[in-house]
Every structure is written in C-alpha cells, then in structure tokens.
Engineer: 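Shown below is the structure under consideration.
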Amino acid sequence: MSQQSHRLLMVSNRLPVVVSCVEGRWDISAGSGGLVTALSPVMKQNDGLWIGWPGCGEEAPLNELLSRFRAEEGYRLHPVPLTEEEVERYYWGFSNETLWPLFHDLLGNCNFSLENWQTYRQVNERFARTIAEVCKAGDLLWVHDYQLTLVGAYLRKHGVRQALGYFHHIPFPSLDLFRRLPWNLELIRGLMEYDLLGFQTLRDRRNFIRCAHSLLPDTEVIRRHRHHTTLRHGQRKVRVGHFPISIDFDEFNDAAASKEVDEAAWFLHENIEGRQLLLGVDRLDYTKGIPERLLAFERALAKYPDLMRKISLVQVVVPSRTMVPDYRDLKGQIDQLVGRINAQYSEHGWIPVHYVYRSLDRVQLLAHYRAAEIALVTPLCDGMNLVAKEYCASSVHNNGVLILSEFAGAADTMGENALLVNPYDIEGTADAIRQAFTMPQHERKRRMSVLRADIRRNDVHRWVRRFIETLQRSR
Ligand code: ADQ
C-alpha cells in the first residue's frame, strides 16, 4: 500500500482476537482469518485502531489483555462491550435471523422482530458513539459488514465528517427481496451516509444501486466507472463499487507445498488408495448447500455405478451458530443424509461419505485441500466463498478440479475454469461430479493453472489496497 498519513480505523462486529481462559490464565491471540492477515500490516503501518465487540464477558481483564495485544501485534484495539441481551437480539437475532437469510435469498428463514431491530439500531448507535469518541480529523474509517449498516448514519449524527467506507461481505439482494424488510428505508438511507460502499460482485453493486434509486427518490447516478458508480444523494456523493475479496495466495501456496502438509496429505490418501477424494469444507450454514450436495453425491452413485468404490466424499463441517434453531435442524438433516448414503452404499473397505463435524487446524485444512482431487463448493448463495480460492491456491500440482456453484460470488471470476453448477439441480451436479472424475490430466492442469494465476494476481493485499485508495479518493 502507498504510504499515506491518515490513521486507519477498522470497525467490525468482532475484534480480530480470541480471548481465552485456561486454568485461570487469561490469554489473547490474533484471529487467524485471511482478512486479519491482510489487514495487520496495513494497520501497523498506519497507526491503526480496530474497534469491535471483544466477544468475552466482564470477568476478563480486558485492559491488560488489549495492552498485551498492542505490544505484540503493533496496533491498538478498542472494545465495544455488549450485554448478553444485546448479543442475543442484535447479533443472533437481527443480524443472523433477519439480514443473513434475507440477503441470501432465503426469505423463508427470516424472522422479522421489531424488538431485535430496535436493539440492532441501539448497538449500531453505541458503535458510532464509541468511534466518535476516539476518532480524529483525517482518520480513514472502514466499517465491515451487515451487522453494522447503520454505523455511518449515526456517525454523521455525532458530527463525524471523516471519510467513511463500508464493505459488505455477503450478497446484496434484489429490490423485490429487499423491499420485504419492514425497515428497508432506514437501512438504505443509513448505507447512503458512507462515502464508499464496497460489494463483492457487479451483481451486488447493481442490486444496491437499483434499491437506492427506487427507494430514495433524491438519488441519481452521476458517473459510471468500470469499478465504481458515483451516486448523488441530496447534497452528497456516494461511490458504490465492487471489490471481490481474495486470500493471501502466497501464504496458502507456500504452506501447502511444505513437508508437513505433504505428509499429512499423503496420510489422508493412503487410507483411501486408488480413489479420488471429493472435498466439501463449510461452516454449518443453510446457505452453503450441504444437504443438496449430499443428494447430488448420492445421485451420482446411483446414476453412475462405475463411481462405486472409486470416489469418496470428505465433508468437513465447522460448528457455527448452533444457538439458532435453523442451524440445529440443518445439523440433524446432514446427519440423517450421511447415515442414509453410507447405510445404502458402504462396502467392506469403502465408505462413501467421511463426515467430520469440527474445525480443522491449519495443517489439516491444507492437507485436505491438497489430498482432494475434486472440490465441491456448492453454496445456494454466497458473497464470495473463500474456500474455492483456498482450494486452488493449495493445489500446488495443478491437478485439482473445482466444482463451483453459479450462485457464489467466486463464480464471477472463476466460473470459466471451474465446472459451474446450479446447486438446486441435483441431476446436473451429479453429472458434474462424474465429469470431474473423468477429466483428463491435461485439462485439469490447464484449468487449474489459469485459476491459480488469477488468484495470485488478485490477492487479498491488492483488495485492501484498492479499497483504501478508492476511499481516500472518495472524500
Ligand atoms: P463465510 O460465510 O464465513 O464468510 P467463506 O468465505 O467460505 O465463508 O470463509 C470460510 C472460512 O472458514 C474459510 O477461510 C475456510 O478456510 C474456513 N473454514 C471453513 N471450514 C473450515 C474447517 N472445517 N476447518 C477450518 N477452517 C474452516 C463471509 C461470506 C463469504 C465471504 C467471506 C469473506 O459469507 O461469502 O467470502 O465472508 O468476505
């Protein structure tokens, strides 16, 4: 990133840390996601401050832990404490039971509760108040994701005039769908208080512009660029762009080629010799299309008997949001489907589905990516989907095949060299499994090298640079 004098304020629902307590000893460590890895150097360089909910209760010695973090990581964290009830209503309730399903096209999963919405507004206001207390003239503010759509509007009420950027990690819905939200006007007005709005894909950017244009009569398009559109809203100008998020390609590529991962991958394969492994890696979430994927795998076995004993699906599911009833039901559904397929098709020495319900450590995750000849990334709807990119970056021998949902943001840039499927089309996905299984080596290599070259060029560091540079130019 180019040297610049602005201080960077990052704002997200959760601080990028894990606070833990083992046998009475409190500890704090940096989170491990790609976003944190990409932002850490920029935060260090620009005297960064990250604001968010620490994710722990009042019993933790937070001040001491945060000072320790600053000394070790080189940038500061500022907590926004939340009560249990606030977490319940703002985070589990409105964010995860209303906005999440609505924005993923799953209206049937939505719970529209006025109390949850009111708490969501209060918590967004609290975030804004905290930011207003610590921010200084010239700061650049970058707010992340759907939990904090209204922070920009409250910041303006607190008199904050600094450049405000917002990045939306999940899809932005069509006008038809967005209108179902009883509080759609306040939400879209709130978003229009940011100077720069970033989305994952051109489709999300267009959906947003259409919603703003139709719902707010004083909004007009004044300029269109390849990467962003400038809207005028009353006296203000708002840039709306698409910035497809990515991963740290080199980190995945180098670690996947290491001896440790190589050995772990070999062990995974040794158990299932002579077969091709299919891999699914997902958080437990109804948007990820896990039951549909299992049905497609089952259909492939029924339709193409030559696949019997020759393919196994390793489905890794990370427990997530298990407090929400829909997620508990989904877990039951997956358990049942895995049981059904294995009961019907297992033979001595072959189990069709290996189901792992836990988070994998880094080496194991990379070993799974390396060991699998085919990845099944088939969400019903997804902002981007980083697993698709991580799988390709780890395919160091260029021999993997990616089966990708056309409804993942990743399909925009990866669709041409992946096998694209509609995850609701069980028959079509079963056919894609067979096509991947029989794909000749030279074709695998050709497709995978293009995919890898593109991720290498458009990595997460470039994503961060592009967003910040556009934000700097937006004020
Ligand atoms: P998520 O919905 O969390 O993110 P995704 O982009 O797929 O979805 O990222 C999941 C992450 O979890 C990946 O980095 C993956 O490695 C990790 N992971 C998954 N299963 C794991 C396992 N079993 N063990 C260990 N790690 C595992 C939201 C949006 C996405 C968008 C991202 C980033 O929903 O669409 O791509 O933000 O903007």
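As a basis for the values below, the full set of heavy atoms in this structure was taken, side chains included, without hydrogen atoms, waters or symmetry mates. Remember, predicted model here, so these are calculated numbers, not experimental data. Order of appearance sets the numbers: ligands from 1, and atoms from 1 within every ligand.
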Engineer: Can you sort out which atoms of ligand 1 are near Tyr369, meaning under 4.0 Å from one of its heavy atoms?
Structural biologist: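 Selected atoms, number and element: 16 (O).
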
Engineer: Show which atoms of ligand 1 fall inside a sub-4.0 Å distance from at least one heavy-atom site of Leu365.
Structural biologist: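 Near Leu365, the atoms of ligand 1 are 16 (O).
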
Engineer: Only heavy atoms of Arg358, strictly under 4.0 Å: list the atoms of ligand 1 that pass.
Structural biologist: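 Going through ligand 1 atom by atom, the ones under 4.0 Å from Arg358 are 23 (N).
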
Engineer: In residues 355-368, what donor-acceptor pairs under 3.5 Å come from side-chain atoms, sequence neighbours left out?
Structural biologist:
unit_1	atom_1	unit_2	atom_2	d
Tyr355	OH	Asp335	OD1	3.2
Asp361	OD1	Val363	N	3.2
Asp361	OD1	Gln364	N	2.9
Arg362	NH2	Glu251	OE2	3.0
His368	ND1	Gln364	O	2.7

Engineer: Whether the side chain of Arg126 engages the backbone of Leu82 through a donor-acceptor N/O pair (distance < 3.5 Å, no angle test) should be reported.
Structural biologist: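 Judged by distance alone, no pair lies under 3.5 Å.
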
Engineer: Do ligand 1 and Leu360 have nitrogen or oxygen atoms that lie under 3.5 Å from each other?
Structural biologist: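 It does: an N or O of Leu360 is found under 3.5 Å from an N or O of ligand 1.
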
Engineer: Which bit of Leu386 gets closer than 4.0 Å to ligand 1, counting heavy atoms only: side chain, backbone, both or neither?
Structural biologist: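 Both backbone and side chain of Leu386 come within 4.0 Å of ligand 1.
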
Engineer: Side chain, backbone, both or neither: which part of Val316 comes within less than 4.0 Å of ligand 1 when only heavy atoms are counted?
Structural biologist: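 The answer is the side chain of Val316.
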
Engineer: Check the angle between the aromatic planes of Phe103 and His168 and answer parallel, tilted or perpendicular using the 30° and 60° thresholds.
Structural biologist: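 Geometry flag for His168 against Phe103: tilted rings.
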
Engineer: Which option out of Glu390, His169, Met384, Gln315 puts a heavy atom nearest to atom 29 (C) of ligand 1?
Structural biologist: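 Ranked by closest heavy atom to atom 29 (C) of ligand 1, first place is His169.
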
Engineer: Of Leu9, Leu140, Ile131, Leu141, which meets side chain to side chain contact (heavy atoms under 4.5 Å, CB included) against Gln162?
Structural biologist: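 Exactly one pass, corresponding to Leu141.
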
Engineer: State plainly whether the residues Lys259 and Asp262 are in salt-bridge range, i.e. N to O under 4.0 Å.
Structural biologist: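 Asp262 and Lys259: not salt-bridged.
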
Engineer: Counting only heavy atoms not in Arg283, do more than 12 fall under 6.0 Å of its CZ?
Structural biologist: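 Yes, because the 6.0 Å sphere around CZ of Arg283 holds more than 12 heavy atoms from other groups.
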
Engineer: Ignoring hydrogens and angles, state whether a donor on the side chain of Tyr90 or Gln122 is under 3.5 Å from an acceptor on the partner side chain.
Structural biologist: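 No, no side-chain donor-acceptor contact under 3.5 Å.
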
Engineer: How does Trp463 reach ligand 1, by side chain, by backbone, by both or by neither, if only non-hydrogen atoms under 4.0 Å count?
Structural biologist: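 Trp463 to ligand 1: no contact under 4.0 Å from either part.
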
Engineer: Verify whether one side chain among Arg205 and Thr229 offers a donor that lies under 3.5 Å from an acceptor in the other.
Structural biologist: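 Yes, Thr229 and Arg205 have a side-chain donor paired with an acceptor closer than 3.5 Å.
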
Engineer: Quick one: which ligand 1 atoms are inside 4.0 Å of a heavy atom on Val318?
Structural biologist: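 So the atoms of ligand 1 that pass are 19 (C), 20 (N), 21 (C), 22 (C), 23 (N), 24 (N), 27 (C).
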
Engineer: With heavy atoms of Gly383 as the reference, note each atom of ligand 1 found under 4.0 Å away.
Structural biologist: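 With Gly383 as reference, the close atoms of ligand 1 come out as 35 (O).
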
Engineer: Do Leu313 and Pro352 come within less than 4.5 Å of each other through their side chains, counting heavy atoms only?
Structural biologist: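 Answer no - side chains too far apart.
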
Engineer: If you measure from each non-hydrogen atom of Lys288 to ligand 1, which part falls under 4.0 Å: side chain, backbone, both or neither?
Structural biologist: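 Lys288 to ligand 1: side-chain contact only, backbone stays beyond 4.0 Å.
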
Engineer: Below 4.0 angstrom from a heavy atom of Arg283, which ligand 1 atoms are there? Numbered from 1 as shown, please.
Structural biologist: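 Result: 1 (P), 2 (O), 3 (O).
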
Engineer: Just wondering, more than 12 heavy atoms not from Arg203 lying within 6.0 Å of its CZ?
Structural biologist: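 Incorrect, the count does not exceed 12.
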
Engineer: Taking distance alone, with N or O pairs closer than 3.5 Å, would you say Asp382 contacts ligand 1?
Structural biologist: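 It does: an N or O of Asp382 is found under 3.5 Å from an N or O of ligand 1.
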
Engineer: Going by the order shown, which atoms of ligand 1 are within less than 4.0 Å of some heavy atom of Gln200?
Structural biologist: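 Under 4.0 Å from Gln200, ligand 1 has these atoms: 31 (C), 38 (O).
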
Engineer: For ligand 1 and Trp100, I'd like to know whether there is a polar contact (N/O to N/O, distance under 3.5 Å).
Structural biologist: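 Between Trp100 and ligand 1, no N or O pair is found under 3.5 Å apart.
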
